[in-house]
Amino acid sequence: GAVVSQHPSWVICKSGTSVKIECRSLDFQATTMFWYRQFPKQSLMLMATSNEGSKATYEQGVEKDKFLINHASLTLSTLTVTSAHPEDSSFYICSARVLDNQPQHFGDGTRLSIL
Amino acid sequence: QQPVQSPQAVILREGEDAVINCSSSKALYSVHWYRQKHGEAPVFLMILLKGGEQKGHDKISASFNEKKQQSSLYLTASQLSYSGTYFCGTEYVPSGSARQLTFGSGTQLTVLP
């Protein structure tokens, strides 16, 4: 149980392209989903917290217009990196949680490479 | 504010024990422990919700000292499969906003045969 699917696993694209990453909770309804960014050999840095049907809450320093988050249903959240540039290259991971006091379950991550 | 994990890295032989510590300068509401293998997503190990709580499964256990704002993860009789980077994630005393995890910098654990 508690499976989170993230798609795509990896993507390589040219600078200026917009990239959409999907995060789905397959066997549970997630009231809250989280988006993280991780650089090699570093910790997970929270980008934003997303609740179904409401606007995402972004962490300080994360550009809202650059990283668009949509949480359309209790099982799906999407992150769109708009007009991506090489500095946006990173490992992006989503997680989903049913309720407070419960664990976050992570997707397999998306490795984004911008040329 | 990021919790501090120690040690940063540890190398042990199969069958040996290890302790990983996580400490915070702020009052903690809960502590979560995850293990991440290279190139993969973090995998949930356990969550500690109350001060004084201890939990474990198989040979991995953890404790949460609320007063000291610390948690420790204990790996007993380590197996090769225990290798990976261990992260603690801390939730701070709720401030009215949605509770979220702040992850430590990680402890890289390598178990050798």
Side-chain angles (χ1 to χ4, degrees), chain A residues 1-7 9-10 21 23 25 28 30-60 62 69 71 90-111 113, chain B residues 1-6 8-9 20 22 24 28-51 53 55 57 60 62 64 71 73 84-110:
Chain A
V3 177
V4 175
S5 173
Q6 190 172 337
H7 179 82
S9 299
W10 56 270
I21 302 170
C23 180
S25 56
F28 66 99
T31 54
T32 309
M33 288 186 170
F34 303 87
W35 288 95
Y36 295 87
R37 185 172 179 175
Q38 187 177 34
F39 291 105
K41 296 189 177 181
Q42 293 190 22
S43 187
L44 298 117
M45 300 305 297
L46 181 66
M47 298 175 66
T49 302
S50 166
N51 289 293
E52 184 263 340
S54 61
K55 290 184 178 180
T57 302
Y58 290 81
E59 294 302 296
Q60 196 171 11
V62 178
I69 291 172
H71 194 157
S90 189
F91 191 51
Y92 292 87
I93 313 177
C94 72
S95 71
R97 180 182 72 192
V98 177
L99 294 170
D100 289 346
N101 293 345
Q102 293 189 358
Q104 292 184 25
H105 301 283
F106 286 84
D108 286 336
T110 297
R111 193 161 301 282
S113 298
Chain B
Q1 206 163 6
Q2 193 178 36
V4 177
Q5 277 186 244
S6 63
Q8 288 186 330
I20 300 171
C22 175
S24 171
L28 295 176
Y29 187 86
S30 69
V31 180
H32 303 220
W33 285 96
Y34 291 81
R35 176 174 60 215
Q36 185 180 30
K37 294 188 182 278
H38 181 68
E40 298 179 7
V43 173
F44 171 73
L45 295 176
M46 62 190 79
I47 179 173
L48 300 126
L49 297 172
K50 298 177 184 178
E53 188 172 25
K55 278 188 178 179
H57 60 86
I60 299 176
F64 177 22
S71 177
L73 185 72
T85 302
Y86 289 78
F87 291 100
C88 67
T90 52
E91 278 187 321
Y92 298 110
V93 175
S95 61
S97 58
R99 292 215 290 271
Q100 56 195 217
L101 291 178
T102 303
F103 285 93
S105 55
T107 296
Q108 188 172 346
L109 182 83
T110 303

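Sequence lines set the chain letters: A, B, ... in the order given, protein chains first and strands last, and positions in each chain run from 1. Computed from a predicted model, the values in this text were never measured in an experiment. Reckoned from all heavy atoms, side chains included, excluding hydrogens, waters and symmetry mates.
Between the CD atom in A:Gln38 and the CZ atom in B:Phe87 there is a gap of 5.0 Å [rounded to 0.5 Å].
No other option in B:Gln2, B:His32, B:Gln36 has as many heavy-atom pairs under 4.5 Å with chain A as B:Gln36. When each of A:Ser95, A:Ser43, A:Gly109 is scored by its heavy-atom pairs under 4.5 Å with chain B, the top score falls to A:Ser43. The candidate with the highest count of non-hydrogen atom pairs below 4.5 Å against chain B, out of A:Val4, A:Leu46, A:Leu44, A:Thr57, is A:Leu44. Your options are A:Gln42, A:Gln102, A:Gln104, and the one with the most heavy-atom pairs under 4.5 Å with chain B is A:Gln104.
Listed by chain and number, the residues in a ring-ring contact (aromatic ring centres under 6.0 Å, His included) with A:Tyr92 amount to none (sequence neighbours excluded). For B:Val43, the side-chain contact (heavy atoms from CB on, under 4.5 Å) criterion is met by no residue, not counting sequence neighbours.
In terms of heavy-atom proximity, A:Phe91 sits nearest to B:Glu40 at CE2-O, 4.1 Å. When every heavy atom of A:Gly107 is checked against every heavy atom of B:Ala41, the shortest pair comes out as O-CB, 2.5 Å.
Remark: A:Lys55 NZ is loosely packed, at most 12 non-hydrogen atoms of other residues, nucleotides or ligands lying under 6.0 Å away. Heavy atoms from other residues, nucleotides or ligands lying under 6.0 Å from CD of A:Glu52 number more than 12.
Proximity of A:Ile93 to B:Pro42: side-chain heavy atoms (C-beta onward) are separated by under 4.5 Å at one or more points.
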